[in-house]
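Working notes for the structure below.
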Number of protein chains: 2
Amino acid sequence: MATGRNHRPATRSRGIPEATVARLPLYLRALTALSERSVPTVSSEELAVAAGVNSAKLRKDFSYLGSYGTRGVGYDVEYLVYQISRELGLTQDWPVVIVGIGNLGAALANYGGFASRGFRVAALIDADPEMAGKPVAGIPVQHADQLEKIISDNGVSIGVISTPAGAAQQVCERLIAAGVTSILNFAPTVLSVPDGVDVRKVDLSIELQILAFHEQRKAGEEAEAAAGRKGPDGDMPAVMPA
Amino acid sequence: MATGRNHRPATRSRGIPEATVARLPLYLRALTALSERSVPTVSSEELAVAAGVNSAKLRKDFSYLGSYGTRGVGYDVEYLVYQISRELGLTQDWPVVIVGIGNLGAALANYGGFASRGFRVAALIDADPEMAGKPVAGIPVQHADQLEKIISDNGVSIGVISTPAGAAQQVCERLIAAGVTSILNFAPTVLSVPDGVDVRKVDLSIELQILAFHEQRKAGEEAEAAAGRKGPDGDMPAVMPA
DNA sequence: CCGTCTTTGTGCACGCGTTCACAAAGACAT
DNA sequence: ATGTCTTTGTGAACGCGTGCACAAAGACGG
Ligand SMILES: NC(=O)c1ccc[n+]([C@@H]2O[C@H](COP(=O)([O-])OP(=O)(O)OC[C@H]3O[C@@H](n4cnc5c(N)ncnc54)[C@H](O)[C@@H]3O)[C@@H](O)[C@H]2O)c1
Ligand SMILES: NC(=O)c1ccc[n+]([C@@H]2O[C@H](COP(=O)([O-])OP(=O)(O)OC[C@H]3O[C@@H](n4cnc5c(N)ncnc54)[C@H](O)[C@@H]3O)[C@@H](O)[C@H]2O)c1
């Protein structure tokens, strides 16, 4: 068990690289699993395997948070869970609204992993008058007219957009005008937002297209290898379209 | 109108940077919108704005595909749509299976944008015997027992996993054993796969945590600015947890 | 108290991605 | 044909992220 604990409290707290921030949730998930199994400490190597990253990268990532490890032993699981949670801002409660309660919005509303990390669905909002009042995942859907009031009454700063693409920019602008400063966008559109507002997007279609690219490349290489060709240009010639 | 068209057919076809590949679908979406409005040509600057990227980056990205632009004019929209589609492998049909038809899986099955780009939902698969035969989005759900047969009968190489996290690794292994070489994973787990298999993940929870981090940072900076502090360390002291 | 052995924290080098800035290409008018 | 004007394609510089490799820290046994 680790005894020495004169850890310095994270200098450089304002300089965590974006790539590191994006991995912290991954580490947190792996650590939470260890915590539930009552594992007291974990080495960078073990944790790296669990999170699917390089162990040197993991150690460097943690070094941005401060020196929380013990040489020869590893990292205290509970302590690290706490530190990462605090760094990510998960020790506080984040009310979120979901706008556009269709197929996807309803699935998101029903998603359990939402609430598990300090995120609380404060409201579900849809423009369809038919939906108003109907409960989805135990929460009554409210009409889009109420958007501004809901945001300000609940102090919402994070909004999720799952409306059709055509409505997304407009919804985005209303959210921002009402005080939202972080947006998670599921609609396949580029949202333009003022400085100071963060947007992250999730786009199924893009992910599939990236997979298709690699899939095609694999098939091409395979065919090339099978034919035992010499020339590196295995492409079909680029014929002009009609 | 562009007349000269002695475009060389993409040398370097085996060297497209990953970052570029990830942006091609974005360009394609913007170009498709232009195409629908019958816009004949577009400059790198205009297209860059539509896609939300830097115009120099866009030109460099396109340069990896070949010289498809015309100086002084821009790019031919239709031609570029075709070239990017071809490069991404969207000129062929990609049958995909979705495994785990719960809230999310059903939403994915209902998603129209799926089919729009050459992706065809070949089958919906779930382990729950209750669901077998029930149609979701017009496609009858099949039992997980049939997984291997479905994959091989349809020549499926892309699989989507939307099962609970606990089942994901096992489903992943079965998919791969049956011949799938690209996986889109919605379950919050790290999937371990052999070389040659591509995995992309979509994780709502991670995206929200990243947003929360920046949100907290904004709030901290604001408070600091308001208090007019000197010291750069605006953090609460790192107190040891109980 | 000292030696050994494990594991962290990080200096360093390298490669990828981004962006600037500009020469050259080519359309278009005269 | 020649000049002008727009826009591409890319060389070059820079910064960020990654991973190696190792010195130092510290636990633990004797
Ligand atoms: N379903 C999926 O799996 C999936 C996957 C990826 C992306 N998407 C994207 O997510 C979005 C939603 O998809 P979906 O399948 O749930 O569509 P959907 O049509 O089922 O739902 C859209 C909902 O948004 C509501 N809406 C429309 N305009 C609105 C506005 N101005 N304000 C508030 N609500 C409004 C509609 O009433 C409807 O309930 C789309 O942009 C889609 O492209 C969906
Ligand atoms: N719902 C969301 O918005 C959302 C968002 C992000 C991530 N996720 C993740 O996506 C996954 C699915 O979420 P959900 O809300 O649809 O859950 P869900 O419980 O509604 O659906 C899971 C489905 O998977 C099926 N299943 C279980 N084991 C299986 C197996 N071995 N083979 C085939 N099918 C199996 C179940 O029968 C069920 O129908 C979860 O891992 C969840 O964490 C969901």
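Note on naming: letters A, B, ... go to the chains in the order of the sequence lines (proteins, then strands), and numbering restarts at 1 for each one.
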Task: Estimated bend of the helix from C:dC1-D:dG30 to C:dT30-D:dA1 (axis per five terminal pairs, rounded to 10 degrees) - done: 10°
Task: Candidate nucleotides D:dA21, D:dG9, C:dA21, ranked by approach to the side chain of A:Ala56 - the nearest - done: D:dA21
- [ ] Mind telling me whether B:Tyr111 and B:Phe114 have parallel, tilted or perpendicular rings, with 30° and 60° as the class edges?
- [x] perpendicular
Task: Where B:Glu18 and A:Ile210 come nearest, the two heavy atoms and their spacing - done: OE2-CG2, 3.9 Å
Task: Nearest heavy-atom neighbours spanning B:Leu26 and B:Ala51 - done: CD2-O, 3.6 Å
Task: Distance-minimising heavy-atom pair for B:Leu104 and B:Ser162 - done: CD2-CB, 4.2 Å
Open item on the list: Using only atom types and a distance under 3.5 Å, with no angle test, would you say the side chain of B:Glu87 pairs donor to acceptor with the backbone of B:Leu65?
Closed with: no
TODO: Answer yes when B:Arg117 and B:Asp93 have at least one side-chain N-carboxylate O distance shorter than 4.0 Å, and no when they do not.
DONE: no
Open item on the list: Within the supplied structure, the quantity of interest is the number of heavy atoms (other residues, nucleotides, ligands) at a distance under 6.0 Å from B:Gln170 CD; does it exceed 12?
Closed with: no
Open item on the list: How many whole angstroms separate atom NZ of B:Lys57 from atom P of D:dT8?
Closed with: 17 Å
Open item on the list: Just the rounded figure in Å: distance from C1' of C:dT8 to OH of A:Tyr68.
Closed with: 15 Å
Open item on the list: Please give me the minimum heavy-atom distance between A:Gln169 and A:Leu191, naming the atom from each residue.
Closed with: OE1-CA, 3.4 Å
Which atom pairs link the protein and nucleotides 4-7 of chain D when you take only N or O atoms and keep those under 3.5 Å?
residue, atom, partner, partner atom, Å
D:dT7, O4', B:Gly72, N, 3.0

- [ ] Verify whether the ring centers belonging to B:Phe62 and B:Tyr75 lie closer than 6.0 Å.
- [x] yes
Open item on the list: So, applying side-chain contact (heavy atoms from CB on, under 4.5 Å) with B:Val193, which one of B:Thr181, B:Ile176, B:Leu175, B:Asp198 is it?
Closed with: B:Ile176
Open item on the list: On DNA chain D, compare the nucleotides closest to A:Asp61 and B:Glu45; which residue's is nearer the 5' end?
Closed with: B:Glu45
- [ ] Keeping the roles fixed (side chain from B:Thr20, backbone from B:Ile16), state whether a donor-acceptor pair exists under 3.5 Å.
- [x] no
- [ ] Using atom CZ of A:Phe62 as one end and atom P of C:dG9 as the other, report the distance to the nearest whole Å.
- [x] 10 Å
Task: N or O in side chain of A:Asn54 less than 4.0 angstrom from D:dC20 OP1/OP2 - done: yes
Using a cut-off of under 3.5 Å, enumerate the N/O to N/O pairs linking the protein to nucleotides 12-16 of chain D.
residue, atom, partner, partner atom, Å
D:dA12, N6, B:Lys60, NZ, 3.0

Task: Gap between atoms CG and C1', on B:Leu80 and D:dT8 respectively (whole Å) - done: 13 Å
